[in-house]
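Because only heavy atoms are used, hydrogens play no part in the values below, and waters and symmetry mates are left out as well, while side chains stay in. Just so it is clear, the structure is predicted and the values come from calculations on it, not from any experiment. In what follows, residues are counted from 1 in the order of the sequence shown.
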Amino acid sequence: MSKLGNLGARLYRGEVGYDFVGKRKIWYAVSILITITAILGLAVRGLNMGIEFEGGAVFNTPKTSVSVAQAEESAEKASGHDAIVQKLGDDAMRIQIAGVDIDKSDRIKAALAKDLDVKAADINADLVGPSWGEQIANKAWQGLAIFMVLVVIYLAIAFEWRMALAALIALIHDITITVGVYALVGFEVTPGTVIGLLTILGYSLYDTVVVFDSLKEQSKDLTKQTRFTYSEVANRSINGTLVRSINTTVVALLPVAGLLFIGGGVLGAGMLNDISLSLFVGLAAGAYSSIFIATPLVADFKEREPQLKALKKRVLAKRASAAARGDVVEDGDFRGEDEPRGSVPDDDATPAVVGPRAQPASRSRGKGRPSGKRR
């Protein structure tokens with residue numbers, strides 16, 4: 001078995017683990033800082049809306065030896081508006097100019113043909129009206145709202161409303177960061193961006209639902225034992241699915257990174273930039289939020305319930321009592337000093353059963369008591 005596979009098995013069995021939930025205040029602070037940065041970038045720089053949303057003309061030229069700077073200067077001089085010029089892989093160019101009508105488009109096309117030393121008939125001009133872009137934006141917002149409502153309803157039925165609320169907060173967190181990165185980087189927002197943004201919502205939910213399913217299974221009859229608190233069970237759920245989450249995220253990110261850095265950066269395909277950046281940032285943010293945001297939030301919400309508050313007090317009181325007696329006590333792994341690892345101490349109520357990985361309860365022998373059969 002590979003080292004990563006061996007680590008995953010040990011994490012799943014609870015032999016090793018990192019206290020994600022216990023350090024949740026750190027992750028909350030990091031997320032708040034990142035979110036504030038994204039909101040500030042959005043407020044200060046704003047989104048670079050594409051021609052599809054603002055309306056205007058797009059000119060696709062054939063192969064030319066003119067530089068991007070020269071083409072941009074020529075387009076702005078001919079139109080009187082700011083122009084966005086992208087050089088494509090075959091030395092062709094894509095020139096976008098906002099606020100251009102049909103009559104003005106013909107004049108710009110003739111001027112570009114002269115300055116770029118190409119035939120006017122070889123320049124393809126497409127006009128986009130602002131009303132079309134407004135319709136696309138409205139439908140995108142409607143689709144996002146419907147998606148959010150359906151997600152909350154499904155998670156509330158499949159799990160519970162606290163998990164649905166935590167997943168919704170994580171989704172808003174991911175969308176805010178992705179949109180903020182777009183504002184900071186200055187990439188153009190096109191229908192491809194909207195498609196990518198809607199796509200990442202499913203990826204973001206995938207890891208979250210996997211952890212929630214494990215948490216739901218492990219927290220059955222939790223109040224009937226005094227070995228684990230709800231936060232500790234939530235932490236075990238994260239660790240148990242950690243390697244799986246990392247593997248799925250890396251496998252998903254690799255092809256998207258190829259689209260972003262090779263397709264968009266090297267080959268200069270503009271549409272690939274629009275889709276791949278939203279996918280790349282959204283996938284990374286979704287993996288982060290499922291581990292560091294969604295599940296810790298569920299633990300915070302659940303431990304406000306009276307039953308789980310009382311459970312936490314009982315668990316801590318029992319550990320304090322064991323520590324006073326000189327027994328070895330580890331958070332989330334309560335047992336006596338001479339009790340073998342993996343055994344569960346005797347409980348006054350019901351044997352400790354926390355999820356499918358817990359082992360049958362056994363009474364720990366007292367210090368100095370002889371072992372073996374009594375003669």
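A salt bridge does not link K216 to D213: none of the charged nitrogens lies less than 4.0 Å from a carboxylate oxygen. A salt bridge does not link R227 with E232: every distance from a Lys NZ or Arg NE/NH1/NH2 to an Asp or Glu carboxylate oxygen is 4.0 Å or more. With salt bridges taken as basic N to acidic carboxylate O contacts below 4.0 Å, none links E303 and K309. With respect to the salt-bridge test (charged N to carboxylate O, under 4.0 angstrom), the residues E72 and R94 do not qualify.
Hydrophobic clustering places Y182 together with L253 (ILVMFWY residues linked when any side-chain heavy atoms are closer than 4.5 Å, directly or through intermediates). Linking Ile, Leu, Val, Met, Phe, Trp and Tyr whenever their side-chain heavy atoms come within less than 4.5 Å leaves Y206 and L168 in two separate clusters. L205 and I172 fall within the same hydrophobic cluster, where Ile, Leu, Val, Met, Phe, Trp and Tyr residues are linked whenever their side-chain heavy atoms come under 4.5 Å apart, directly or through other members. Both Y18 and V233 belong to a common hydrophobic cluster when Ile, Leu, Val, Met, Phe, Trp and Tyr are linked at side-chain heavy-atom distances under 4.5 angstrom. Follow the hydrophobic side-chain contacts under 4.5 Å out from L47 and you reach L197 in the same cluster.
Nearest heavy-atom pair across M93 and V68 is CE-N, 3.8 Å. I95 and A75 get closest at one heavy-atom pair: CG2-CB, 3.8 Å. When all heavy atoms of R45 and G186 are compared, the closest pair comes out as NH2-CA, 4.5 Å. For the pair G41 and L184, the tightest heavy-atom approach, listed with the atom from each and the gap, is CA-CD2, 3.6 Å. When all heavy atoms of K109 and A120 are compared, the pair lying nearest together is CE-O, 2.9 Å. For the residue pair A164 and A156, the shortest heavy atom distance occurs at CB-N, 3.7 Å.
Ring geometry for W27 versus F20: interplanar angle of 30 to 60°, hence tilted.
Remark: the Y288 side chain and the S31 side chain contain an N/O donor-acceptor pair separated by less than 3.5 Å. In this structure, a donor-acceptor pair under 3.5 Å is present between the side chains of S321 and R325. Between the side chains of T226 and K318, at least one donor-acceptor pair of N or O atoms lies under 3.5 Å. Counting only N and O atoms by type, the side chains of S214 and Q218 include a donor and acceptor under 3.5 Å apart. A side-chain donor from one of Y28 and D300 sits under 3.5 Å from a side-chain acceptor of the other.
Summarising the geometry, atom CD1 belonging to I238 is positioned 9.0 Å from atom CG belonging to D19; distances are rounded to the nearest 0.5 Å. Note that the CG atom of L165 and the CZ atom of F301 stand 4.5 Å from one another [nearest 0.5 Å]. Put simply, CG on L155 and OG1 on T208 are 8.5 Å apart, with the number rounded to the nearest 0.5 Å. Atom CD1 of residue I175 and atom OG of residue S278 lie 11.5 Å apart, to the nearest 0.5 angstrom. With rounding to the nearest 0.5 Å, the separation of CD1 in I157 from CD1 in I153 is 7.0 Å. Rounding to the nearest 0.5 angstrom, the gap separating the CZ atom in F212 from the OG1 atom in T241 is 11.0 Å.
Between Y230 and L222, the closest side-chain pair of non-hydrogen atoms falls below 4.5 Å. For the pair T229/L311, no side-chain contact is recorded, criterion being any heavy-atom separation below 4.5 Å from C-beta on. Contact check for K302 versus E160: side-chain heavy atoms found under the 4.5 Å cut-off. Between F228 and V315, the closest side-chain pair of non-hydrogen atoms is not below 4.5 Å. Taking the side chain as every heavy atom from C-beta outward, S74 and L112 approach each other to under 4.5 Å. Proximity of K312 to L308: side-chain heavy atoms (C-beta onward) are nowhere separated by under 4.5 Å. Between L215 and V298 there is a side-chain heavy-atom pair separated by less than 4.5 Å. Counting heavy atoms from C-beta on, the side chains of L297 and I169 come closer than 4.5 Å.
Across D207, V211, N235, a single residue satisfies side-chain contact (heavy atoms from CB on, under 4.5 Å) together with T295, and that is V211. For the side-chain contact (heavy atoms from CB on, under 4.5 Å) with I32, the qualifying choice from I36, T35, V30 is I36, the only one to do so.
No donor-acceptor pair under 3.5 Å is formed between the side chain of N124 and the backbone N or O of F59. T178 places a side-chain N or O within 3.5 Å of a backbone atom of D174 that can act as its donor or acceptor partner. In this structure, R314 contributes its side chain and T223 its backbone to a donor-acceptor pair below 3.5 Å. With hydrogens and angles ignored, the 3.5 Å screen pairs a side-chain donor or acceptor of S67 with a backbone N or O of Q70. Judged purely by atom type and a 3.5 angstrom limit, T249 has no side-chain atom pairing as donor or acceptor with the backbone of A287. Within the 3.5 Å criterion, the main-chain N or O of E73 finds no donor-acceptor partner in the side chain of E76. Judged purely by atom type and a 3.5 angstrom limit, R24 uses its side chain to pair as donor or acceptor with the backbone of V21.
The environment of CD in E305 is crowded: more than 12 heavy-atom neighbours from other residues, nucleotides or ligands sit within 6.0 Å.
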Would V179 and L42 satisfy side-chain contact (heavy atoms from CB on, under 4.5 Å), going step by step from the backbone distance to the final call? CA-CA 7 Å; V179 174; L42 187 60; 3.9 Å; yes
Would L144 and W141 satisfy side-chain contact (heavy atoms from CB on, under 4.5 Å), going step by step from the backbone distance to the final call? CA-CA 5 Å; L144 181 61; W141 283 115; 3.9 Å; yes
Given the rule in the side-chain contact (heavy atoms from CB on, under 4.5 Å) test, do I97 and I108 qualify, once you have shown the distances and angles that lead to the verdict? CA-CA 10 Å; I97 306 173; I108 295 172; 3.9 Å; yes
Given side-chain contact (heavy atoms from CB on, under 4.5 Å), test T61 with D122 step by step and report yes or no. CA-CA 7 Å; T61 72; D122 293 335; over 6 Å; no
